[in-house]
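Please read all numbers here as calculations on a predicted model, not as lab measurements. Throughout, a chain's letter reflects where its sequence line sits, starting with A, and its residues are numbered from 1.
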Protein chains: 2
Amino acid sequence: MRPTKRGELLQKALKAFYRNGFNATGMDKLVAETGISKTSMYKHFRTKEDLILAVLRLRDEQFRNWLYRRMEALADTPRERLIAMFDALEEWFAEPEYKGCLFIKASSEFQDASHPIHKQSADHKRLLESHVTDLAEKAGLADPGGLARQLLLLKEGAIVTAHLGHTETPAQDAKVAALRLLKAHAG
Amino acid sequence: MRPTKRGELLQKALKAFYRNGFNATGMDKLVAETGISKTSMYKHFRTKEDLILAVLRLRDEQFRNWLYRRMEALADTPRERLIAMFDALEEWFAEPEYKGCLFIKASSEFQDASHPIHKQSADHKRLLESHVTDLAEKAGLADPGGLARQLLLLKEGAIVTAHLGHTETPAQDAKVAALRLLKAHAG
DNA sequence: ATCAAAGTGAACCGATCGGTAAACTTTGAG
DNA sequence: CTCAAAGTTTACCGATCGGTTCACTTTGAT
């Protein structure tokens, strides 16, 4: 009952979609890269869209888990952990396979706001926002919601800037800005 | 000698790519939407990639022109114009056809940093950076380069956040943050 | 009036797209 | 051992992909 093949497919599909994009990665290419038969894929997922949605769910869990744990590991207080988010981002950007944010890509290839893939990408961002807002609250900072939104603008900006590659130190720039914004919200 | 058809093709292709994405917009769809024959398209552009590069050049000119003029119209001093960038963004986000930044989309569909389309998208961002740095210099603000990079992180963040649609007021949030960053760089 | 440049429509190319069908093999729990 | 679930290979479907070819028409300057 262990979904060995299904999980394996999801993980490998995630990598393939992340490397090549969604529209640019056909099901036949997925067969070639995963070694899993197309028939088997379509037994687990009725359509490519369903596969993509499942991949995004996996990535959401994977990414939030990683980011939250990294923020906890790098700092001890809620306030410091907010700042540590940008150190974690810097680690991510430094990975050789870094290719930006999968959810931004997804919303960019499935643009209609009513599209399930677009909606699910927005959900991921909402979860991040509520976590950062919580942290800002626990840190006793003023207007935690507003501060969280500002910090996340810096995060998203750093993510696309790091991918575009026209700037050298997006994570550090974002961190410097974040420190100043935190000061302005000091309790 | 006026490139009537060529220009018309570029403008309509720009709209089509912006609405539907690059990979998702085939040449046949372009024929259908522009009313221009495929033969004629391939007389002006050797490949789809060439077409896309020309579309991005057009968009670069169009967008920077619009943004710079809007920033000039909305405020009188360099310092105020830096802030006015976020008012201009808010106007852009409010357009019903708003679908994010074409260059972010392009770099997301053509991910390899060495790909001409990716490079050209990075060039666009570089031009914006140098303009904003100039403004920060003219405003007599400290560390104009660093400040410009921070403001542009907010801008890129607001652009993707406005497209994801999970937040109500990305432009205003970015503006509030920008005001605080400007204060920290006061001369 | 002429002639080349620019544009057109339609058919066509091999490759790939998302998805299906059929017949067969592997595997693990009762 | 048995039997169903899960996985496999292979071939196939109509549609679309980027791109080409060919025969023809429109247009504007000389």
Salt bridge (charged side-chain N to carboxylate O under 4.0 Å, His left out) evaluation trace for E33(A) with R19(A): CA-CA 12 Å; E33(A) 291 201 18; R19(A) 274 206 317 270; 2.6 Å; yes
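- F86(B) has its ring centre no less than 6.0 Å from the ring centre of W92(B).
- M41(B) has its CE atom 13 Å from the C1' atom of dG9(C), to the nearest Å.
- Going from atom CG of L9(A) over to atom C1' of dA6(D) covers 14 Å, rounded to whole Å.
- Considering only side-chain N and O atoms, K48(B) lies under 4.0 angstrom from the phosphate OP1 or OP2 of dG18(D).
- An OP1 or OP2 oxygen of dT8(C) is reached within less than 4.0 angstrom by a side-chain nitrogen or oxygen of S40(B).
- The distance from atom NZ of K29(A) to atom C1' of dC17(D) is 12 Å, rounded to the nearest whole Å.
- Of the two residues near DNA chain C, D28(A) and T39(A), the one whose nearest nucleotide lies more 5' is D28(A).
- Phosphate proximity of dA6(D) to K43(A): absent, as no side-chain N or O sits under 4.0 Å from OP1 or OP2.
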Full working for side chain to side chain contact (heavy atoms under 4.5 Å, CB included) between M71(A) and L67(A): CA-CA 6 Å; M71(A) 288 165 69; L67(A) 181 63; 3.8 Å; yes
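- Across all strands shown, K38(A) has heavy atoms under 4.0 Å from base atoms, whether or not it also approaches the sugar-phosphate.
- dT25(C) atom C1' lies 14 Å from atom NZ of K5(A), rounded to whole Å.
- Here the C1' atom of nucleotide dT8(C) and the CG atom of L30(B) are 17 Å apart, to the nearest Å.
- Atom pair Y42(A):OH and dG7(D):C1' shows a separation of 17 Å (rounding to whole Å applied).
- By the 6.0 Å contact criterion, CD on E61(A) is open, its count of non-hydrogen atoms from other residues, nucleotides or ligands being 12 or less.
- Side-chain nitrogen and oxygen atoms of H44(B) include at least one within less than 4.0 Å of the OP1 or OP2 phosphate oxygen of dG7(C).
- Formation of a donor-acceptor pair under 3.5 Å by the Y18(A) side chain with backbone atoms of G100(A) is found in this model.
- The separation between I117(B) atom CD1 and dG18(D) atom P is 12 Å, rounded to whole Å.
- Rounded to an integer number of Å, the gap from CZ of F110(B) to C1' of dG18(D) is 12 Å.
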